[in-house]
Amino acid sequence: MKAIVLDHYGTPDVLYLTEMPDPVPGINEVLVRVYASSVNPVDIGVRQGRVLSSEPHRFPMILGWDAAGIVEDVGDGVTDFVGGDRVVLISEQPSSGRGTHAELVAVPSTQIVKLPETINFVTAAAIPLAGITALQAVKALSLSPGQLILINNPLGAVGGFASQIALVVQKSPERVVVKGVPNETG
């Protein structure tokens with residue numbers, strides 16, 4: 001398979017396209033052909049060696065947390081997915097070294113959900129990390145319905161998801177305050 005990898009931390013110049021062995025799904029893992037993947041700010045920090053540096057890392061490393069694609073194969077113990085299923089996933093990158101900036105990725109079946117036909121792969125690949133981060137942040141606040149919440153920068157991925165999640169939790173739009181700064185183009 002082709003993958004974008006790095007052998008050490010550094011600038012974008014450390015990234016290169018190369019052939020890597022196809023991953024094989026282990027017990028309770030699913031092998032997915034990646035149709036779309038996203039780049040998150042954490043990918044840049046990991047590449048630079050500034051983020052998650054205390055986590056174990058394996059080189060060569062494939063970055064990427066989010067992906068959407070088609071199930072190619074499943075390992076022993078997997079009963080919820082079969083070849084041909086449309087899925088969206090989040091990898092255990094960087095501790096596993098198995099990021100999503102590759103043609104194939106094998107991840108635990110607990111890190112995957114089926115993707116409805118109504119959502120395209122590109123849109124789906126932008127959801128996992130930002131969506132989970134926003135959900136965890138809003139849940140950590142233990143909000144009561146009607147409690148005021150401020151979402152700073154709702155124009156970003158996490159802020160956008162947090163704004164929508166807070167609206168559901170609060171059940172009253174007037175209690176969700178969003179504050180954003182328009183980007184330079186708009």
K.L.:
If every non-hydrogen atom of A106 is compared with every non-hydrogen atom of P25, which pair is closest and at what distance?
P.N.:
CB-CA, 4.2 Å

K.L.:
Of the non-hydrogen atoms in V34 and A102, which two are nearest, and what is the gap between them?
P.N.:
CB-O, 3.2 Å

K.L.:
Sub-3.5 Å donor-acceptor pair from the side chain of S37 to the main-chain atoms of A67, do we have one?
P.N.:
no

K.L.:
Can you check whether K2 reaches T18 side chain to side chain, under 4.5 Å on heavy atoms?
P.N.:
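SC-SC contact between K2 and T18 ruled out.
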
K.L.:
Taking the side chain as everything from C-beta on, heavy atoms only, tell me whether D43 gets closer than 4.5 Å to W65.
P.N.:
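Side chain of D43 against side chain of W65, heavy atoms only: contact under 4.5 Å found.
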
K.L.:
Between Y16 and L6, which heavy-atom pair has the shortest distance, and what is it?
P.N.:
CE2-CA, 4.4 Å

K.L.:
Is the shortest side-chain heavy-atom distance between I62 and M1 below 4.5 Å?
P.N.:
yes

K.L.:
If you look at every heavy atom in P108 and I112, which pair is closest and at what distance?
P.N.:
O-CG1, 3.9 Å

K.L.:
Determine the sole option in V24, L31, L104 for which the side-chain contact (heavy atoms from CB on, under 4.5 Å) test with D73 is passed.
P.N.:
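Testing each of V24, L31, L104 against D73, the sole residue satisfying side-chain contact (heavy atoms from CB on, under 4.5 Å) is L31.
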
K.L.:
State, yes or no, whether a side-chain contact exists between V30 and V87 at a heavy-atom distance under 4.5 Å.
P.N.:
no

K.L.:
Is L17 atom CG crowded by more than 12 heavy atoms from other residues, nucleotides or ligands, each under 6.0 Å away?
P.N.:
yes

K.L.:
Using a strict 4.0 Å threshold on nitrogen-to-oxygen distance, state whether R33 and E72 make a salt bridge.
P.N.:
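Judged by the 4.0 Å cut-off on N to carboxylate O distance, R33 and E72 do form a salt bridge.
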
K.L.:
Look only at the side chain of N40 and the backbone of V42, and say whether a donor-acceptor pair between them is shorter than 3.5 Å.
P.N.:
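Flag not set: sc N40 to bb V42 has no pair under 3.5 Å.
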
K.L.:
Mind jotting down which residue pairs meet the salt bridge (charged side-chain N to carboxylate O under 4.0 Å, His left out) criterion with at least one end in residues 129-143? Sequence neighbours excluded, please.
P.N.:
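Salt bridge (charged side-chain N to carboxylate O under 4.0 Å, His left out) check on residues 129-143 returns no pairs.
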
K.L.:
Is the closest side-chain heavy-atom distance between L115 and F121 below 4.5 Å?
P.N.:
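Of all side-chain heavy-atom pairs linking F121 with L115, at least one is under 4.5 Å.
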
K.L.:
Quick check on the hydrophobic clustering: are V14 and M61 connected, directly or via other members, by side-chain heavy-atom contacts under 4.5 Å?
P.N.:
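Same cluster.
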
K.L.:
Between Y9 and F59, how do the two ring planes meet: parallel, tilted or perpendicular, split at 30° and 60°?
P.N.:
perpendicular

K.L.:
Please give me the minimum heavy-atom distance between A134 and V158, naming the atom from each residue.
P.N.:
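Closest pair (atom of A134, atom of V158, distance): CB-O, 3.5 Å.
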
K.L.:
Could you tell me which non-hydrogen atom of A36 sits nearest to which non-hydrogen atom of A125, and how far apart they are?
P.N.:
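For A36 and A125, the tightest heavy-atom pair comes out as O-CB, 3.5 Å.
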
K.L.:
Which value, rounded to the nearest 0.5 Å, describes the distance between I165 atom CD1 and L167 atom CG?
P.N.:
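Those atoms lie 10.0 Å apart.
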
K.L.:
Which salt bridge (charged side-chain N to carboxylate O under 4.0 Å, His left out) pairs, counting each pair once, include a residue from residues 12-30, with sequence neighbours left out?
P.N.:
E29-R98

K.L.:
Taking S38's backbone N and O only, do any of them form a donor-acceptor pair with H101's side chain (distance below 3.5 Å, no angle check)?
P.N.:
yes

K.L.:
Please report the interatomic distance OG(S109) to CG(L89), rounded to the nearest 0.5 Å.
P.N.:
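If we round to the nearest 0.5 Å, S109:OG and L89:CG are 11.5 Å apart.
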
